[in-house]
Amino acid sequence: MGRPAGILIVEDDHLLAHMYQLRLQAEQLPVSVAHNADEFWQQLAKHKPTVIVLDILLPKVNGLHILKDLRSHSRYAKIPVIILTNLNRVEIELTPELADVLGVTAYLVKSQTTPETLVRWVKRAITSKA
Amino acid sequence: MGDEFAQLAVAVLHQLKNALAAAQGYAEMIAEAPEHNAQYQRLLQHSLQRAQSLLYSLESYRVLLRRSETAGPVHLDAILHSQLRELQEELGSGAATITLQRVYQVPSISGDSELVTEIVRLILYYMTQLTIVPQPISIQVAAKADTVCVYFASPEIVRTTRANLRDSANSGPYSQAMSNEVILILAKLLAAKLSGRLWVRQQHIGLRFKRARQLPLSIGEAA
């Protein structure tokens, strides 16, 4: 039996991060949380996650920059990334082509994404990777 | 003022979206997992309280734009007490317990009493958002030379924040308000209008006002 899938949530809003963490843990998924880019890289060095849930508006370094940096490392090039943000695609200039290049599995807007929806997307990402 | 308003509006919008997404999410989780109802209800309540505070911050800004400053003596001690009492009543006993510790006697300061009240209220709201578990929030007041400093600090919050920083996997929502800039932007705008200053460190929020000029003591004989 392989290692259980680990989810890394990158979200600066502690209340939201806590909520997603609780909901995913209820599905027996191990979850770790990073609130900024520094914490993200620290977490990544500790454990390579199966799926990353990434916010865009983060302090100092935004999520898109993190994603671009992530993809420049071959070790992390294939980790499915779900973007979960308040911004729409146009605001961050994420074209479908760029999303493909960056390996974005799903682009979700927080106000339209309940915890249950996120669980579905995360499970889909895990399955597609397996 | 335009840039400041834009800064405030963007911050409010972003934080409000997060607060409502959290409220919506916790509401869904309450329906799905009744065994965790108490925990999720508390978090839902906290999300809504946060949304309410954000709206309150916009209202305060509207008040600020409308009024012209009227300088006079401000009795900070009385303001602190009345605001603490109101906030504690509003929060109920389930939330933070707020206590005021006088390090020194609080003198009067110069300024606009209503604006100072607004600032104190905003900062108290900010402090209560630091915690979603019952814990004490202490406020210390110090006076020296021509300034009065009000320190809002909680050793427990600082400890929790540090613990969270040490171990991100253990992160909880306790230091949430540190990323919530809205109330601070507003409080800073109000403080600036009073020629006061507000600053934030990891351990405390400081608020500095000028002291009221002492009235000249007149000793003499009546004419």
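Proteins get letters first, then strands, A, B, ... in listed order; numbering begins at 1 in each.
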Heavy-atom pair of closest approach, residues Ala22(B) and Leu15(A): CB-CD2, 4.1 Å
Closest heavy-atom pair and its distance - Pro115(A), Gly25(B): CD-CA, 3.4 Å
Interatomic spacing from CG in Leu22(A) to CD in Gln39(B) - rounded to 0.5 Å: 5.5 Å
Neighbour count above 12 (heavy atom, 6.0 Å) for Gln45(B) CD: no
Side chains of Leu43(B) and His18(A) in contact at under 4.5 Å (non-hydrogen atoms): yes
Distance, nearest 0.5 Å, that separates NZ of Lys17(B) from CG of Leu87(A): 6.5 Å
Rounded distance [0.5 Å steps], CD in Gln24(B) versus OG1 in Thr114(A): 7.0 Å
Gap between atom CG of Asn18(B) and atom OG of Ser111(A) - 0.5 Å precision: 10.0 Å
Working for side chain to side chain contact (heavy atoms under 4.5 Å, CB included), residues Glu32(B) and Arg23(A): CA-CA 10 Å; Glu32(B) 283 173 354; Arg23(A) 186 61 187 85; 3.1 Å; yes
Euclidean distance, Asp12(A) CG relative to His14(B) NE2, rounded to 0.5 Å: 5.0 Å
Exam field: side chain Glu28(B) to backbone Glu116(A), donor-acceptor pair closer than 3.5 Å: yes
